[in-house]
Amino acid sequence: MSSADPQPAPGEAAAQEGADWGEHALWEWRGHGCHWRRLGAEDRPALVLLHGFGAGSGHWRRNAAALAAAGWCVYGLDLIGFGSSSQPGHQRRQALDNRLWARQVQAFLAEVVQAPAVLVGHSLGGLVALSCSVYFPRWVKAVVAAPLPDPTLLMAHRHAPGHTPRRRPWRRRLQRLVVQVLCRLLPLELVVPLLAHSPLLDLGIQSAYHHPVIGDRELHRVIAWPARRPGAVRALRAMSIAMALRPHHATAVALLQRLRRPALLVWGRQDRLVPVEVAHQCRRLRGDLALLVIDQCGHCPHDETPAAFHRAVLDWLAGLETG
């Protein structure tokens, strides 16, 4: 872990709010350092927060305290490649995609939390939560995806329900070759530092929000710091290759069809990155999915409209307990 890691110093009281919320710790898994944090009494039911692409557990800065006050033991985990966790490069036998992150979450539940949990994910974290619930159902009580992104959802209408598109072996080999070549040719060593150290990053962050956030220095730090770490470029290249080459069974379309746990979708009506039409496509695939759309909200409902987000999640979870 980098010496520039902006974590609280050992012995400091756990922050209730802000990007440094919770008690911080490092957990070793398969040779990777995984940063995590906790807020709330350990004897309470567990709720694990999973961040989105380009962020880390600090992005739950406006949520952990409210969820802990509602009676949950709240955990935040930095997925491998993000936040303050390890940033590995591309490895054929350990693809950096939602299957690996799902295994990371399951191991975290087994070794650290030591109990099944509710998984709440933002964007990519929602896909990881869904993946973990399908692959390891006994470790997951319920899933909240706010929102759920996956390009395959936009193409799902082209195939009949339950149909698994199969590609010929030569097509799979050709796709793998093309993706790997293109991802290796991309000048990420120039692009990533440029974005991480320039005002362009603020414009990118703003695209995920409906209300103005340029000037929010804490939010800027949450996104900028991981992108400035030495391993950021190699991790980005690794996950770009792995996510592009996922098998069909690891896509949201296939995972939704196999889902056997209660799930809630939370969407911002003004989400420009993953439009609300994707939520309706999810409902067409699985009519039993609960959906709440928040008005005047972009891609980050947990951070942009935290009160509405907490109300949606807590009311839904309370309904599961009484239903």
Side-chain angles (χ1 to χ4, degrees), residues 1-9 15 17-22 24 26 32-37 49-63 76-91 96-97 101 122-125 128 149 179-244 271-274 298-300 302-304:
M1 194 163 299
S2 169
S3 60
D5 187 345
Q7 297 178 32
E17 297 181 343
D20 295 326
W21 67 269
H24 296 237
L26 188 65
H32 300 293
C34 304
H35 172 252
W36 62 278
R37 55 179 92 190
L49 301 172
L50 301 172
H51 60 82
F53 180 82
S57 52
H59 201 200
W60 300 99
R61 56 186 179 151
R62 294 174 173 160
N63 313 110
L77 175 65
D78 287 357
L79 301 173
I80 293 170
F82 297 104
S84 297
S85 290
S86 294
Q87 295 178 315
H90 176 63
Q91 301 176 40
L96 199 55
D97 63 16
W101 293 316
H122 167 238
S123 196
L124 176 65
V128 175
V179 168
Q180 289 181 341
V181 169
L182 289 178
C183 287
R184 293 184 188 283
L185 288 177
L186 286 174
L188 296 179
E189 288 80 5
L190 297 176
V191 174
V192 172
L194 175 63
L195 291 175
H197 290 87
S198 78
L200 292 174
L201 180 62
D202 289 320
L203 295 177
I205 296 172
Q206 182 60 67
S207 69
Y209 286 76
H210 177 61
H211 296 94
V213 293
I214 293 178
D216 186 334
R217 299 180 66 180
E218 183 179 63
L219 177 60
H220 180 93
R221 175 168 68 92
V222 166
I223 305 300
W225 184 82
R228 294 173 179 174
R229 293 179 58 199
V233 171
R234 70 186 179 202
L236 176 58
R237 181 172 278 114
M239 66 185 72
S240 298
I241 294 173
M243 290 295 287
D271 190 338
R272 295 186 294 268
L273 301 184
V274 186
H299 186 64
C300 305
H302 68 292
D303 195 54
E304 188 165 15

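For this chain, numbers begin at 1 and follow the sequence in order. The figures that follow rest on heavy atoms only: side chains count, while hydrogens, waters and symmetry mates do not.
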Residues in side chain to side chain contact (heavy atoms under 4.5 Å, CB included) with Leu273, at least two apart?
Ser207, Ala208, Asp271, His299
Sequence neighbours left out, what passes side chain to side chain contact (heavy atoms under 4.5 Å, CB included) with Ala232? Give chain and number order.
Gln87
With ring-ring contact (aromatic ring centres under 6.0 Å, His included) as the criterion, how do His51 and Trp60 come out once you've worked through the C-alpha distance, each side chain's angles and the decisive distance to 0.1 Å?
CA-CA 8 Å; His51 60 82; Trp60 300 99; 8.6 Å; no
State, yes or no, whether a side-chain contact exists between Gln206 and Asp202 at a heavy-atom distance under 4.5 Å.
no
So CD1 of Ile241 and CG of Leu96: to nearest 0.5 Å the spacing works out to 10.5 Å
When you compare the side chain of Ser57 with that of His35, does any pair of heavy atoms fall below 4.5 Å?
yes
Walk me through it: do His211 and Glu304 pass the test side-chain hydrogen bond (donor to acceptor under 3.5 Å, both in side chains)?
CA-CA 8 Å; His211 296 94; Glu304 188 165 15; 2.9 Å; yes
Please examine the side chains of Arg234 and Pro88, heavy atoms only from C-beta on, and report whether any two atoms are closer than 4.5 Å.
no
Got a donor-acceptor contact below 3.5 angstrom from the Ser85 side chain to the Gly81 backbone?
no
Tell me, please, which residues at least two apart from Phe53 pass ring-ring contact (aromatic ring centres under 6.0 Å, His included).
Phe82
In chain order, what residues pass the ring-ring contact (aromatic ring centres under 6.0 Å, His included) check against Trp21, with sequence neighbours excluded?
none
So, using side chain to side chain contact (heavy atoms under 4.5 Å, CB included) as the criterion, who are the partners of Ala19 when residues are at least two apart?
Glu218, Arg221, Val222
Side chain to side chain contact (heavy atoms under 4.5 Å, CB included) partners for Arg228, two or more places apart:
Ala196, His197, His220, Ala224
Got a donor-acceptor contact below 3.5 angstrom from the Arg37 side chain to the Gly76 backbone?
no
Between Arg229 and Asp78, does any NZ, NE, NH1 or NH2 come within less than 4.0 Å of an OD or OE carboxylate oxygen?
no
Min side-chain heavy-atom separation Tyr209-Asp303 under 4.5 Å:
yes
Mind checking the CG-CG spacing from Leu124 to Leu79? Nearest 0.5 Å is all I need.
6.5 Å
